[in-house]
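Worksheet: the structure to be examined is printed underneath.
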Amino acid sequence: MASDDVSDVAELLEKTGVVEGRGDGELSFAGKGWKLDSAEDAKEIVDKLSVCEVVTALRLSGNTIGKSSAEAIGEQLKKHPEFQRALWSDIFTGRLRSEIPPSLESLGNALIAADAHLVELDLSDNAFGADGVKGIQNLLTSPVMFTLKILKLNNNGLGISGGKVLSKALLDCHAKSVSAGGSPLALRVFISGRNRLENQGSAALSQAFHTMGSLQHIAMPQNGIQYQGVTEIAQCLSANTQLRILNLNDNTFTEKGAAAMAQALPALEQLEELNFGDCLLSTQGAMLVADALKEGLDNLKVIDLSGNEIGPEAIPSIVECCLNKPLLNKIELNSNSFGSEGVASLKESLSDNSYVDYLGSLSADEGDDSDGDDDDDDDSAGTDGDQVDDDADVVEYDSKEGDIVTDPTLQIRGHAIPHTQPTTDTTSDTPQNQSTTSPPSPDSVIDSLNNLKL
């Protein structure tokens, strides 16, 4: 190769973000904001794929890719059997739903033709729904996926049907990998939040999790999963004892789901992070989970039980579950219902073991130690002891000013009642949050009402 050609290739690699000496062979075009409709539009990506002898990863996030561009990119991917990581999140913004499956098929079929062996597939933040899963179904069930370790399908709008299609594809892939006589599909990371999987979708995926039995990281937040689906997930955990991260944030456990999960947790001896925040555990459910964490689980680093309507009765169980956890460095209990006394008790109990240093601020605790309502007292009594007649008309002032009424038929004629808040004057130098007049007394308001003539 001529020296000029070598220089051109080196310059091209530098522009793509491939750092000389890294040796990982990643090409990144992330965040370019390109709208690629035709093969010509994808020329820069195609050219760089063609000059790189080794491409193990392609990052396309933050661009939008049409069918023709996907086909052109796929033609070059066919030449890279060493390819391992498809980092293709957020690549279909602004595309019609019907455009996406053909593009996914072109890219997937290219990897099959290359006889690549994927380690990571990331298609997050592509709103393709169940149709998108069908677009990668051939890829998911091909030998390309036998080596897959990381699958990220976050925020795809899969729905129940998409979850079922995905589960079947994973089960078929596992069965084929076993029949091939090599190592079976052993997925380690599964991330699928904000997908509306609900009970049926999560239950279907739990079957695949149980069959593989290899997961170390499960993240399925914000999926509308109720206790039935939570129970299915809990049951599959017995086959995934190497699990390190479990994130089911913002689903609906209730006490029934918490009870099922409490039975599964003690077997997860490698567990490092547990996120059951915003799962409506309730006080009893939180106690069940906390009791399940008391013994063993020495690798636990993070416990998140925030936003679960947990009352002070659960504090002893929570404190006890935190004890003897040498690696624990974060305890998230914000937005519960401990009350001020409960918060103080919780902090005091954890301070004896220095765990209070890892406790969140608890500033959003929703507990209330008093049943009184000052507003009720204000409504029943006037200033200086004057009693307001229950039968009198009550004028309520909105905290925000309304629109000015200019229609004569809608205007009230009579004595004007001063507003309790200043009118905003855009032409005045007076700050808008500073009143230029004193608010009227209750007596003056009542006098004005008596003199009001419609």
Closest contact, heavy atoms only, Leu123 versus Leu104: CD2-CD2, 4.0 Å
Can you tell me how far NZ of Lys330 sits from CD1 of Ile303, rounded to the nearest 0.5 angstrom? 12.0 Å
Met287 side, atom CE; Cys321 side, atom SG - distance, nearest 0.5 Å: 12.0 Å
Are the side chain of Asn156 and the backbone N or O of Ala127 linked by a donor-acceptor pair below 3.5 Å? no
Test side chain to side chain contact (heavy atoms under 4.5 Å, CB included) on Leu327 and Asp298; report intermediate values, then the result. CA-CA 7 Å; Leu327 302 179; Asp298 294 337; over 6 Å; no
State, with a plain yes or no, whether a side-chain heavy atom of Leu107 is found less than 4.5 Å away from one of Leu77. yes
Side chains of Leu49 and Val55: closer than 4.5 Å at any heavy-atom pair? yes
Cationic N near anionic O, under 4.0 Å, Asp41 to Lys43: no
Measure the shortest side-chain to side-chain distance between Leu58 and Phe29 over non-hydrogen atoms and say whether it is less than 4.5 angstrom. yes
Under 3.5 Å: donor-acceptor pair, side chain of Ser177, backbone of Leu185: yes
Nearest-0.5 Å distance that lies between atom CZ in Arg196 and atom OG in Ser161: 9.0 Å
Charged N to carboxylate O under 4.0 angstrom, Lys67 versus Glu99? no
Taking Asn336 for the side chain and Asn308 for the main chain, is one N or O donor matched with an acceptor at less than 3.5 Å? yes
Scan side-chain atoms only and decide if Ser89 and Ser61 contain a donor-acceptor pair under the 3.5 Å cut-off. yes
Closest heavy-atom pair and its distance - Leu350, Ile331: CD1-CD1, 4.3 Å
Shortest non-hydrogen contact from Leu187 to Ser214? O-OG, 2.7 Å
Any heavy-atom pair between the side chains of Lys164 and Gln200 that's under 4.5 Å? yes
Could you tell me if the ring centre of Phe253 sits under 6.0 Å from that of Phe276? yes
Is the shortest distance from a Lys or Arg side-chain nitrogen in Lys301 or Glu273 to a carboxylate oxygen in the other one below 4.0 Å? no
Using a strict threshold of under 4.0 Å (side-chain N to carboxylate O), is an ion pair present between Asp172 and Lys168? yes
Start with the C-alpha distance between Glu198 and Ile225, add both sets of side-chain angles, then the distance that settles side chain to side chain contact (heavy atoms under 4.5 Å, CB included), and finish with yes or no. CA-CA 4 Å; Glu198 301 183 14; Ile225 306 171; 5.8 Å; no
Less than 4.5 Å apart, side chain to side chain, heavy atoms only: is that true for Leu237 and Ile218? yes
What are the two closest non-hydrogen atoms of Ala114 and Pro81, and how far apart are they? O-CB, 3.1 Å
With rounding to the nearest 0.5 angstrom, report the OG to CD1 distance, Ser345 to Ile315. 5.0 Å
Please report the C-alpha distance between Ile100 and Asp131 in whole Å, then the side-chain angles of each, then the deciding distance to 0.1 Å, and finally whether the side chain to side chain contact (heavy atoms under 4.5 Å, CB included) criterion is met. CA-CA 8 Å; Ile100 299 176; Asp131 291 340; over 6 Å; no
Which side-chain hydrogen bond (donor to acceptor under 3.5 Å, both in side chains) pairs, counting each pair once, include a residue from residues 284-294, with sequence neighbours left out? Asp291-Lys294, Asp291-Ser317, Lys294-Glu320
Taking atom NZ of Lys134 as the centre, report whether more than 12 heavy atoms of other residues, nucleotides or ligands fall under 6.0 Å from it. no
State, without any angle test, whether Asp90 and Thr93 hold a side-chain donor-acceptor pair at a distance under 3.5 Å. yes
Side chain to side chain, Ile233 and Leu248, heavy atoms closer than 4.5 Å: yes
Sidechain-backbone polar pair: Thr64 side chain, Gly94 backbone, donor-acceptor under 3.5 Å: no
Any donor-acceptor pair under 3.5 Å linking the side chain of Ser351 with the backbone of Glu348? yes
Test ring-ring contact (aromatic ring centres under 6.0 Å, His included) on Phe92 and Phe128; report intermediate values, then the result. CA-CA 8 Å; Phe92 295 119; Phe128 48 54; 7.1 Å; no
Salt bridge (charged side-chain N to carboxylate O under 4.0 Å, His left out) against Glu120, all qualifying residues, sequence neighbours excluded: Arg85, Lys152
Just do the side chain to side chain contact (heavy atoms under 4.5 Å, CB included) check on Arg59 and Glu26 with the steps written out, would you? CA-CA 7 Å; Arg59 193 181 296 271; Glu26 177 181 320; 2.9 Å; yes
Would Asp250 and Gln222 count as having a side-chain donor-acceptor pair, cut-off 3.5 Å? yes
Is a donor on one side and an acceptor on the other found under 3.5 Å between the side chain of Glu332 and the backbone of Asn334? yes
Here the gap from Leu153 atom CG to Leu197 atom CG, rounded to the nearest 0.5 Å, amounts to 10.0 Å
Please list, chain by chain and in numerical order, all residues satisfying side chain to side chain contact (heavy atoms under 4.5 Å, CB included) with Glu313, sequence neighbours excluded. Thr283
Would you say Leu166 and Leu151 make side-chain contact, with heavy atoms under 4.5 Å? yes
Would you find a donor on one side and an acceptor on the other, under 3.5 Å apart, between the side chain of Ser335 and the backbone of Gly307? no
What one should report as the nearest heavy-atom pair of Gly129 and Arg97 is CA-NH1, 4.0 Å
Would you find a donor on one side and an acceptor on the other, under 3.5 Å apart, between the side chain of Lys325 and the backbone of Leu293? yes
Sidechain-backbone polar pair: Asn249 side chain, Asn275 backbone, donor-acceptor under 3.5 Å: no
Mind checking the CG-CD spacing from Leu280 to Gln226? Nearest 0.5 Å is all I need. 10.5 Å
Test item: side-chain donor near acceptor, Asn195 and Ser192, under 3.5 Å: yes
Does Asn324 CG have over 12 foreign heavy atoms under 6.0 Å away? no
Heavy atoms, side chains only, cut-off 4.5 Å: are Leu359 and Lys347 in contact? yes
Counting N and O atoms only, with roles assigned by atom type, does the side chain of Asp365 sit under 3.5 Å from a partner on the main chain of Leu362, one being a donor and the other an acceptor? no
Short side-chain donor-acceptor distance under 3.5 Å, Asn155 and Asp125: yes
Quick one: closest heavy-atom pair of Asn63 and Trp34, and the distance? OD1-N, 2.9 Å
